[in-house]
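Take a look at the structure set out below.
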Protein chains: 2
Amino acid sequence: MNFHKRIVIIEDDYELRECYKLIIKSVDRYHFVNSYENCEQAFPFLNKDKPDIVLMDINLFSGMSGIDGVKYLKSKNPYIEVVMISVHDDAELVFDALRAGASGYITKSSNYIELIQSLDELVKGGAPMSSKVARMVINNFHSNPNSPLSEREKDVLRLIAEGKSYTQIADQLFISKETSKTHIKNIYSKLEVNSKAEAIETAKSKKYI
Amino acid sequence: MNFHKRIVIIEDDYELRECYKLIIKSVDRYHFVNSYENCEQAFPFLNKDKPDIVLMDINLFSGMSGIDGVKYLKSKNPYIEVVMISVHDDAELVFDALRAGASGYITKSSNYIELIQSLDELVKGGAPMSSKVARMVINNFHSNPNSPLSEREKDVLRLIAEGKSYTQIADQLFISKETSKTHIKNIYSKLEVNSKAEAIETAKSKKYI
DNA sequence: AAGTTATCACCCAAAATGGGGGATTTTGGA
DNA sequence: TCCAAAATCCCCCATTTTGGGTGATAACTT
């Protein structure tokens, strides 16, 4: 079933479009179906093209952005795998693309062999990413080991993040309501905030929890 | 600066330990420093070994687990890169390892070439991951396109997740307090919950926001 | 001996909550 | 063009929560 995966390209640069097309046509196990300048031109033909994989430029000049493109495409056809191709690897752009449903994110510097390797990686059940993107994604998981908060305070903060009240936190941690209040007061003073909302925002942005 | 990266191995299986050692010694650009059976034996020698990279088994039978090991190691020496080696790729284990500070996660099926490629990837500024791990990490970013919530309700829910009150939500979205209350009532009915905490838990676990 | 952490108590007034009822206007698809 | 969904707003109610203050005790680490 790994044979003849159908590939569609959405890329507004003519030269790149042709380049990708040649690369894909050079490999037996991939079948180049069509290439388009933007999402608006591509989407009406999706039912006919039936791609397994779409290579999508993230910075499309005309029409919707690549982010909106993948969001729309995945909502209509969740089984199509979308790999974003971009010159930028700005963290928020990458994360937005992934949230929107992209299964991979590679940079345009990718040469012949890297593009094919990315497709192979995807077909193998992986998620092709350029080095920097992989590192960004992993770093996004890292929690801050230098949190000023004690373990118990982190417990309390996690429950605050779930919207729990003083009483609910107390019940869940088997402590009295007064104790949960004390913990929260101490959290506020350490994080220099004075409400639950601010505490969560500060703690999450600094990866304290 | 990519030359002679110092490698330390923490792995309780003798055969595997020797195997990794041979592989690393076979490549000029890596310098095998030492191998240990567990974290307790390794950590006293870290200041002497001065590794750039630690290959750590996640399932250590004696002493602390690999997760606790990487957490401790990174808290003491954040500049050491840790790559987890595991037979399992259970989602929660992977995510725990990454949260704890691992810079990569590869499976034990990795052969000679894959282990060296992983180290190369790490040195290049990337994050070595086996295919399944990469996919799990990426899938963790995907939001659910079939959310029953309207865009406005998602806006409100995001603010609830930040711990905001009815009034604060109203102010931030330039609507009246009554409107934010109505939105929240509708969110509760759609998610079949009846408190802010439950709403956040349900929506996040189903990736509605 | 000093510091941190975790636990608990009592005071207060203001704000927030969840649940009930009803209403209008705008918007997007069939 | 019509209808349903979405977004906006208003009133009522009793109960709970909140943030702030001051204080204490025990355990544990350094």
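In this text, all values refer to a predicted model and were calculated from it rather than measured experimentally. Below, chains carry the letters A, B, ... as their sequence lines are ordered, and counting in each starts from 1.
- Remark: the B:S131 side chain and the A:E121 side chain contain an N/O donor-acceptor pair separated by less than 3.5 Å.
- When the C1' atom of D:dT16 is taken as reference, atom OH of A:Y166 falls 12 Å away, rounded to whole Å.
- Comparing the helix axis at one end of the helix from C:dA1-D:dT30 to C:dA30-D:dT1 with that at the other, each defined from 5 consecutive pairs, gives an inter-axis angle of 80° (nearest 10°).
- One can place CG of A:N194 at 15 Å from C1' of C:dA14, the figure rounded to the nearest angstrom.
- Side-chain N or O atoms of A:R99 include none that pairs as donor or acceptor with a backbone N or O of B:H142 at under 3.5 Å.
- When rounded to the nearest whole Å, the span between OH of A:Y188 and C1' of D:dG21 equals 15 Å.
- If you take CD1 of A:I187 and C1' of D:dG20, they are 16 Å apart, rounded to a whole angstrom.
- Residue B:E11 comes nearest to B:Y20 through the heavy atom pair OE1-CE1, 3.9 Å, listed as atom of the first residue, atom of the second, then distance.
- Look at B:E81 and A:R135 and you find a salt bridge, because one of the NZ, NE, NH1 or NH2 atoms lies within 4.0 Å of a carboxylate O, short of that distance.
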For residues 72-79 of chain A, run the donor-acceptor check on the side chains, cut-off 3.5 Å, and write out each pair with its distance to 0.1 Å, sequence neighbours left out.
from	atom 1	to	atom 2	distance (Å)
A:K74	NZ	A:P78	O	3.0
A:K74	NZ	A:I80	O	3.0
A:S75	OG	A:Y72	O	2.7

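- B:I184 places its CD1 atom 17 Å from the P atom of D:dA6, with the value rounded to the nearest Å.
- Contact record, B:A97 with B:I67: N-CD1, 3.4 Å, taken as the closest heavy-atom pair.
- Inter-residue side-chain proximity for B:Y208 and B:K190 is flagged as unmet; no heavy-atom pair is nearer than 4.5 Å.
- Contact check, B:K196 against D:dT17: no side-chain N or O comes under 4.0 Å of OP1 or OP2.
- If you measure from atom CD of B:E192 to atom C1' of C:dG18, you get 17 Å, rounded to the nearest angstrom.
- Close to C:dA15, at under 4.0 Å from its OP1 or OP2, lies no side-chain N or O of B:T167.
- Following rounding to the nearest Å, B:Q168 (CD) and C:dA15 (C1') show an atom-to-atom distance of 10 Å.
- Per the geometry, NZ belonging to A:K154 stands 11 Å off P belonging to C:dA6, to the nearest Å.
- Side-chain contact of B:S176 with B:T179: a donor-acceptor pair under 3.5 Å is present, judged by distance alone.
- Side-chain contact, B:N38 with B:D12: no donor N or O sits under 3.5 Å from an acceptor N or O.
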Would you tabulate the pairs of protein nitrogen or oxygen atoms and nucleotide nitrogen or oxygen atoms of nucleotides 7-11 of chain D closer than 3.5 angstrom?
from	atom 1	to	atom 2	distance (Å)
D:dA7	OP1	B:R152	N	3.3
D:dA7	OP2	B:S150	OG	2.2
D:dT8	OP1	B:R152	NE	3.3
D:dT8	OP1	B:R152	NH2	3.0
D:dT8	OP2	B:R152	NE	2.9
D:dT8	OP2	B:H183	NE2	2.9
D:dC9	OP2	B:S176	N	2.6
D:dC9	OP2	B:T179	OG1	2.9
D:dC9	O5'	B:T179	OG1	3.3
D:dC9	N4	B:T182	OG1	2.7
D:dC11	N4	B:E178	OE1	3.1

